[in-house]
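Chain A is the first sequence line, chain B the second, and so forth, proteins listed ahead of strands; every chain is numbered from 1. Keep in mind that this is a model prediction, so the values were computed, not measured.
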Amino acid sequence: MLQVEAVSVRRGNVLALREVTITVQEGEIVSLVGSNGAGKSTLLYAIAGVLPVASGRVVCQGRTLNGMAPEEVARMGVGLVPEGRQIFGTLSVLDNLLLGAYVHYVSRWGDLLGDVRRVLKREDLRCRLEMVYGLFPVLEERQEQEGGSLSGGEQQMLAFGRALMGSPRLLLVDELSTGLAPALVTQLLALLGRLREMGITMLLVEQDAYSALKVSDRGYVLETGHIVAEGTAQDLLSSDQVRSAYLGRLPTT
Amino acid sequence: MHNYGIGDYLQLILSGISTGSIYVLIALGIVMIYNVTGVINLAQGEYTMLGAMFAVTYYSWHVPLLLAFLASVLTVTLSGMLIERLTVNPVRSASAVTLIIITVGVSITIRGIALLVWGSTPYSLPEFTGGAPFSILGAVMSRQRLWVVGTAGLVLLLLYYLLDRTLLGKALRACAINRQAASLMGVGPAQMSLLAFALSAALGAVAGIVIAPLTLVTYDMGLMLGLKGFVAAVIGGLTSAPGAVVGGLLLGVLESLGAGLISSGLKDAIAFLVLLAVIFARSEQVVGRLKSRRMTK
């Protein structure tokens, strides 16, 4: 599904990623873990086209993503749930979700310029909305509210729902747990299994390595811009070296 | 001092509203471009001049007035898109100040080209419909002034529909709120920037055409109109479309009252007094916004 081949990324004068190679197979959930500043999010943003790739190749479903603008990557079926939610605060919850589906309407001028209520009646859009509302019933209750008036947890759900409206094949999730109550993080992570059943492949970047690896098939450990360990989530969770260095917050059992 | 009756005040307010409608259209163009691209477009007034000039030209080629109107709006819209591609798009990551200076350069260039093409002689356009002016409570309003207000109202409705009721409008607003997040939804900031310039140019052109029968159409008419539109936009907070509407109408009425009750020489000065007052009152907000814009880049 996704091959990242020897990718290096510069941020300013610093080489934030050095020849990073990872693969994500179709239907997998893969975690990128590592300490703050290791380059995890940099990799996600490079895949999504937000940051330019200095060298190496990013290939998704057989197509090279290098040099594509973020909107082009999004139109290829790659969704990103950004850190800090980045929802459109002054637009309604429903409008946020609608915009998530924008990729399906690019250059369909009749739908872009027609009354949005007519677009909302379309079967494909209703299906997606019902799917998102099924996962996050609170969004349906609040659909007329401004996005900015939601709580942090609800905003994270909205960011998720918005990304899902684009029916991505590959979903990149950046720091899902930031600023959320642990119970909510557990609930959201549990949801990833259901998304996988819907055929969505996922690449997670997570500070909270333990929680992320618990729901993942495989994982990579990043340190100062390169990969220092990889393996199945089980192996990484039980590796002493990885545990002591990167999984700081372990439950004491 | 004179003794003013209610009819006189009403007269001044009515003519203020019609002039203000023009400022509203120009201010909305400035607000739209600023929100979507972060550029303060000081060339906005030139679209107004171009609109009037092209309408005059097409009309002189014996094109019916309505067709000349539409053809001129189309021409100016395409010009706006061309200007965006040539000037703003190639330097999208430049600083706010650089971008402002670029728009000043664009403004001077357009005025220069207009001088070469149309010369310095003033032109005029006939009123859209002839006939006696309407009178209301002792105040009179010419038919053309009604056209100005009516057309501006119609354009506002269309704009409201676009921004509030269509997916494209919502995408434009999303891009104004958070460009990066919008691009992750597949909304291209470059396309939205082009769209914002197209819409702003169209708004400016409409303003120029409806005002043309009431004023002299000259190559440099855009300068003052653009500045007035900018003042109106700043009164409204620079990022708010409803604010631009209120700002434009308020400025039009203040000017008209000032010119009518105090001295007609004050008309233009009032706009700049208002601008100074707003800038003093809101300096922190305005400066703060420019700073934060630069930081998010």
Checklist entry - Is V73(A) close to L184(B) at the side-chain level, that is, under 4.5 Å between some pair of heavy atoms? => result no

Checklist entry - Is it the backbone or the side chain of L167(B) that comes under 4.5 Å from a heavy atom of chain A, or both, or neither? => result both

Checklist outcome for this item: Note: G89(A) and I177(B) closest approach over all heavy atoms is N-CG2, 4.3 Å

Next on the checklist: Is V106(A) in contact with chain B via its backbone, its side chain, both, or neither, using a 4.5 Å heavy-atom distance?
Outcome noted: side chain

Item to check | Interchain contact, L162(B) with chain A, by part (heavy-atom threshold 4.5 Å) | outcome: side chain

Checklist entry - Looking at A174(B), G188(B), A181(B), which one has more heavy-atom pairs under 4.5 Å with chain A than the rest? => result A174(B)

No hydrogens needed, just list the donor-acceptor pairs between chain B and chain A under 3.5 Å.
residue	atom	partner	partner atom	Å
Y161(B)	OH	L113(A)	O	3.4
Y161(B)	OH	D115(A)	N	3.1
R165(B)	O	V116(A)	N	2.6
L167(B)	N	L112(A)	O	3.4
L168(B)	N	L112(A)	O	3.0
K170(B)	NZ	D95(A)	OD1	3.0
K170(B)	NZ	D95(A)	OD2	2.8
N178(B)	ND2	Q86(A)	OE1	3.2
S183(B)	O	E71(A)	N	3.4
G186(B)	O	R75(A)	NE	3.1
G186(B)	O	R75(A)	NH2	2.7

